Amino acid sequence: MKAGFVNIFGKPNAGKSTLLNTLLGEKLAIISSKVQTTRHRIKGILTTKDYQLIISDTPGIIEPKYKLHEKMMTAVKEALEDADVAILLHDLTDKDTTESHEIFAALKLKVPVLVVCNKMDKVGKERTAEAVSFFKQQPYCADATAISAIKGLHTEELLQKLTDLLPEGQPFFPEDDITDLPTRFFVGEMIREKIYELYEEEIPYHTTVLVQEFKEKSTLVKIQADIIVQRDTQKGIILGEKGQGIKALGMAARGEIEKFLGQKIFLELFVKVKPKWRDNDTHLKEYGYH
Ligand code: GDP
Ligand code: MG
């Protein structure tokens, strides 16, 4: 038996969340075409008779401009230190391999690295082969491969290469667990995902979601969540004219959560203004960014 921790690294939008979801066959991590949606470390657990992989989707590598970003950088480092194997994700739709290569080399990882070139569905065979052979030649690279995370292309090969690099060992988690994070966390992420979809530009970046209540009743699940913003104007935007905004958000989020839980829910959303939540460490802790 092989067992170990795998972390997926890569620039924002490289396809980390998509890959995690494809590997796990469940919609676990928040996916958005906008950057920096993954603020937390998300673990997924994949168990077969031969191996157990515990996979994390880490935040993108970004500037420590705000305190929140520093937390993200710390999360990246913590993930690095935890891993048995690192997947470094390269986006084949980037103009070339230079930028990924520079980041990958700078990480100076002590764990085995599998470079995975993603989005092969979007580029030619030649470009894909070139990138794979380029990475295979790099000293930090134990092995390299190409996939399409979104189409599920060559993911079996990826899993084979991953398990080759895993240490021998017994499973860490019971075989039917798919994640070590509580359901209410995913509920918050799904609401956040809908905020990204429904609101413009910087609004989602000034917003966090706190699930205050998660009660399983006989016929449905009652969920109450707070949407935290920094200013009254942002609250106004979230609410929308005559509450149309929050109503649309509630409906979209409810649909998504019901699909995920396979159960009817009653969802209540409140918008609260807490100035400077991004810069205040106490608040960050309160909101789960440890
Ligand atoms: P993350 O920021 O690294 O977690 O990236 P996401 O998983 O959120 O994906 C970013 C965007 O790339 C989304 O619009 C995905 O649908 C898209 N994407 C991810 N994987 C693929 C792929 O294999 N092919 C194509 N064409 N698009 C992909
Ligand atoms: Mg992501």
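Count residues from 1 along the sequence. As the structure lists them, so they are numbered: ligands from 1, and atoms in each ligand from 1. Note that the structure is a prediction, hence the values are computed from the model and not measured.
With atom 18 (N) of ligand 1 as the reference point, the heavy atom nearest to it among E193, K119, M120 is part of K119. Of the options S17, S148, A146, the smallest heavy-atom separation from atom 4 (O) of ligand 1 is shown by S17. With N118, T18, V123 as candidates, the residue nearest to atom 7 (O) of ligand 1 on a non-hydrogen basis is T18.
Taking every heavy atom of K11 and a limit of under 4.0 angstrom, the matching atoms of ligand 1 come to 3 (O). Set against the non-hydrogen atoms of N13, the atoms of ligand 1 under 4.0 Å away are 1 (P), 2 (O), 3 (O), 5 (O), 10 (C), 11 (C), 12 (O). Short contacts between ligand 1 and P12, defined as distances under 4.0 Å to a heavy atom of the residue, involve ligand atoms 2 (O). Near G15, with a cut-off below 4.0 Å to any heavy atom, the atoms of ligand 1 are 1 (P), 3 (O), 5 (O), 6 (P), 7 (O), 9 (O), 19 (C).
In the hydrophobic cluster analysis, where Ile, Leu, Val, Met, Phe, Trp and Tyr join through side-chain heavy atoms closer than 4.5 angstrom, L198 is grouped together with F260. Both F214 and I227 are part of a single hydrophobic cluster, where members link through side-chain heavy atoms under 4.5 Å apart. Under a hydrophobic-cluster definition in which Ile, Leu, Val, Met, Phe, Trp and Tyr are linked whenever side-chain heavy atoms come within less than 4.5 Å, directly or via other members, L220 and L269 are assigned to different clusters. Following chains of ILVMFWY side-chain contacts shorter than 4.5 Å, one cannot reach V123 starting from L89, and the two form parts of different hydrophobic clusters.
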>> Show, in sequence, the C-alpha distance, side-chain angles and deciding distance for D96 and T98, and conclude whether the side chain to side chain donor-acceptor pair (under 3.5 Å) test is met.
In response: CA-CA 6 Å; D96 56 34; T98 313; 2.9 Å; yes

>> Would I257 and I265 count as a side chain to side chain contact (heavy atoms under 4.5 Å, CB included) here? Give the steps.
In response: CA-CA 8 Å; I257 297 164; I265 65 159; 3.8 Å; yes

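By the 30° and 60° cut-offs, the orientation of the rings of F104 relative to Y140 is perpendicular.
Below 3.5 Å of separation, one finds no N or O of K151 facing any N or O of ligand 1. At under 3.5 Å, a nitrogen or oxygen of I150, whether backbone or side chain, sits near a nitrogen or oxygen of ligand 1.
Both the backbone and the side chain of K16 come within 4.0 Å of ligand 1, judged by heavy-atom distances.
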